[in-house]
Amino acid sequence: TTETIFLAVFGYFFLKEKINLITFISIVLGMSGVLLILGSSLSIQTPDKFLGNLVAFIMPVSFAVLVIIVRKYPKVDMVPAQFTAGILAAFIGMIVAGKLSISFHDLTLAFLAGFFQIGFGFILITIGSRTTPAAVVGILMLTEAVFGPLWAWLFINEIPPTIVILGGSIIIFAILFEFFLSPKKN
């Protein structure tokens with residue numbers, strides 16, 4: 001979710017994309033919704049958790065770099081790079097995991113989620129980033145924080161707390177605010 005901030009900042013500095021007031025307000029609203037959803041999980045309690053959070057911090061930075069590259073060079077097909085990165089991440093994960101024990105059922109579910117939810121989603125974001133300003137891509141990426149709890153509710157009957165519903169509503173409002181009120185380029 002912090003990719004929203006990185007995309008806005010990197011887009012401004014590297015692509016000279018101005019951030020209008022509506023987009024800025026949408027970013028602030030969206031990030032507020034995400035903070036409500038995350039709540040107390042942001043606390044750092046142990047050095048191991050700090051290291052994990054630090055490693056997790058690399059993902060939004062690398063995603064922002066990917067979008068900036070796609071925006072700067074829209075004619076270069078980055079989908080093969082996404083595929084290569086996914087394969088490399090799988091190998092690194094296997095090495096870091098050490099002993100890996102997974103049932104065929106879980107492996108099938110992991111493949112389906114990885115291919116459709118993550119892989120296909122990133123391909124669409126990569127293609128859409130060619131023509132969409134970086135800050136707006138960041139705002140749209142906030143839907144991930146909304147749909148995660150929604151899918152859990154729909155498919156495994158995990159009822160989200162009221163604060164998660166409130167945070168998700170704020171994020172959807174931020175996206176609609178950006179969509180309907182931001183000046184359109186013709």
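No hydrogens, no waters, no symmetry mates; every other heavy atom, side chains included, goes into these values.
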- Query: Of the non-hydrogen atoms in P160 and P149, which two are nearest, and what is the gap between them?
  - Reply: CB-CB, 4.5 Å
- Step by step, would you call S62 with L66 a side-chain contact (heavy atoms from CB on, under 4.5 Å)? CA-CA 6 Å; S62 63; L66 168 73; over 6 Å; no
- Task: Give, for atom CZ of F13 and atom NZ of K16, the distance between the pair rounded to the nearest 0.5 Å.
- Result: 8.0 Å
- Kindly give the heavy-atom pair with the smallest separation between T4 and I139, and that separation in Å. CG2-N, 4.0 Å
- Task: Check whether any side-chain heavy atom of L29 sits under 4.5 Å from a side-chain heavy atom of S32, and report yes or no.
- Result: no
- The reported gap from CD in E3 to CD1 in I5 (rounded to nearest 0.5 angstrom) is 9.5 Å
- Task: Go through the steps for M31 and L142 under the test side-chain contact (heavy atoms from CB on, under 4.5 Å), then give the verdict.
- Result: CA-CA 8 Å; M31 292 305 294; L142 292 174; 4.2 Å; yes
- Work out which heavy atom in T132 is nearest to a heavy atom in G128; give both atom names and the distance. OG1-O, 2.9 Å
- Message: Hydrophobic clustering (ILVMFWY, side-chain heavy atoms < 4.5 Å, transitive) - are W151 and I159 grouped together?
- Response: yes
- Ignoring hydrogens and angles, tell me if any N or O in the side chain of S129 forms a donor-acceptor pair with the backbone of V70 under 3.5 Å. no
- Message: Please evaluate residues D77 and R130 with respect to the criterion side-chain contact (heavy atoms from CB on, under 4.5 Å), reporting the C-alpha separation (whole Å), side-chain torsions for both, the decisive distance (0.1 Å), and the verdict.
- Response: CA-CA 10 Å; D77 185 8; R130 293 178 181 164; 3.7 Å; yes
- Taking the side chain as every heavy atom from C-beta outward, state whether I127 and M78 have any pair of such atoms under 4.5 Å apart. no
- Supply the atom-to-atom distance S26 OG to L181 CG, rounded to the nearest 0.5 angstrom. 8.0 Å
- Hey, any chance F111 and F120 share a hydrophobic cluster, counting ILVMFWY side chains that come within less than 4.5 Å of each other, even indirectly? no
- Item | Any side-chain heavy-atom pair of F24 and V28 under 4.5 Å | yes
- Straight-line distance of L166 CG to I171 CD1, nearest 0.5 Å: 10.0 Å
- Spacing of F177 atom CZ and I172 atom CD1 [to the nearest 0.5 Å]: 15.0 Å
- Task: Flag yes if L107 and L109 sit in one hydrophobic cluster, no otherwise; membership is Ile, Leu, Val, Met, Phe, Trp, Tyr, and two members link when side-chain heavy atoms are under 4.5 Å apart.
- Result: no
- Shortest non-hydrogen contact from F10 toward V61: CE1-O, 4.1 Å
- Item | Side-chain heavy-atom pair F63, L7 within 4.5 angstrom cut-off | yes
- Show your reasoning for whether side-chain contact (heavy atoms from CB on, under 4.5 Å) applies to I95 and I92. CA-CA 5 Å; I95 292 167; I92 291 171; 5.6 Å; no
- With side chains defined as the heavy atoms from C-beta onward, is the minimum distance between V137 and P133 less than 4.5 Å? no
- Message: Checking F83 now: which residues fulfil ring-ring contact (aromatic ring centres under 6.0 Å, His included) with it, not counting sequence neighbours?
- Response: none
- Task: Taking S103 for its side chain and D106 for its backbone only, find out whether a donor-acceptor pair lies under 3.5 Å.
- Result: yes
- Message: Tell me the closest heavy-atom pair linking S182 and T23, and the distance in Å.
- Response: OG-OG1, 3.8 Å
- Query: Is it the case that one hydrophobic cluster holds both F155 and W153, taking links as side-chain heavy atoms less than 4.5 Å apart, direct or via other members?
  - Reply: yes
- I165 and I156: same hydrophobic cluster, using ILVMFWY side-chain contacts below 4.5 Å? no
- Would you check if the side chain of T143 reaches a backbone N or O of L140 as a donor-acceptor pair within less than 3.5 Å? yes
- Within the distance-only criterion (no hydrogens, no angle test), does the side chain of E17 pair as donor or acceptor with the backbone N or O of A134 below 3.5 angstrom? yes
- Note on the structure: Of all heavy-atom pairs linking G30 and A174, the shortest is N-CB, 3.6 Å
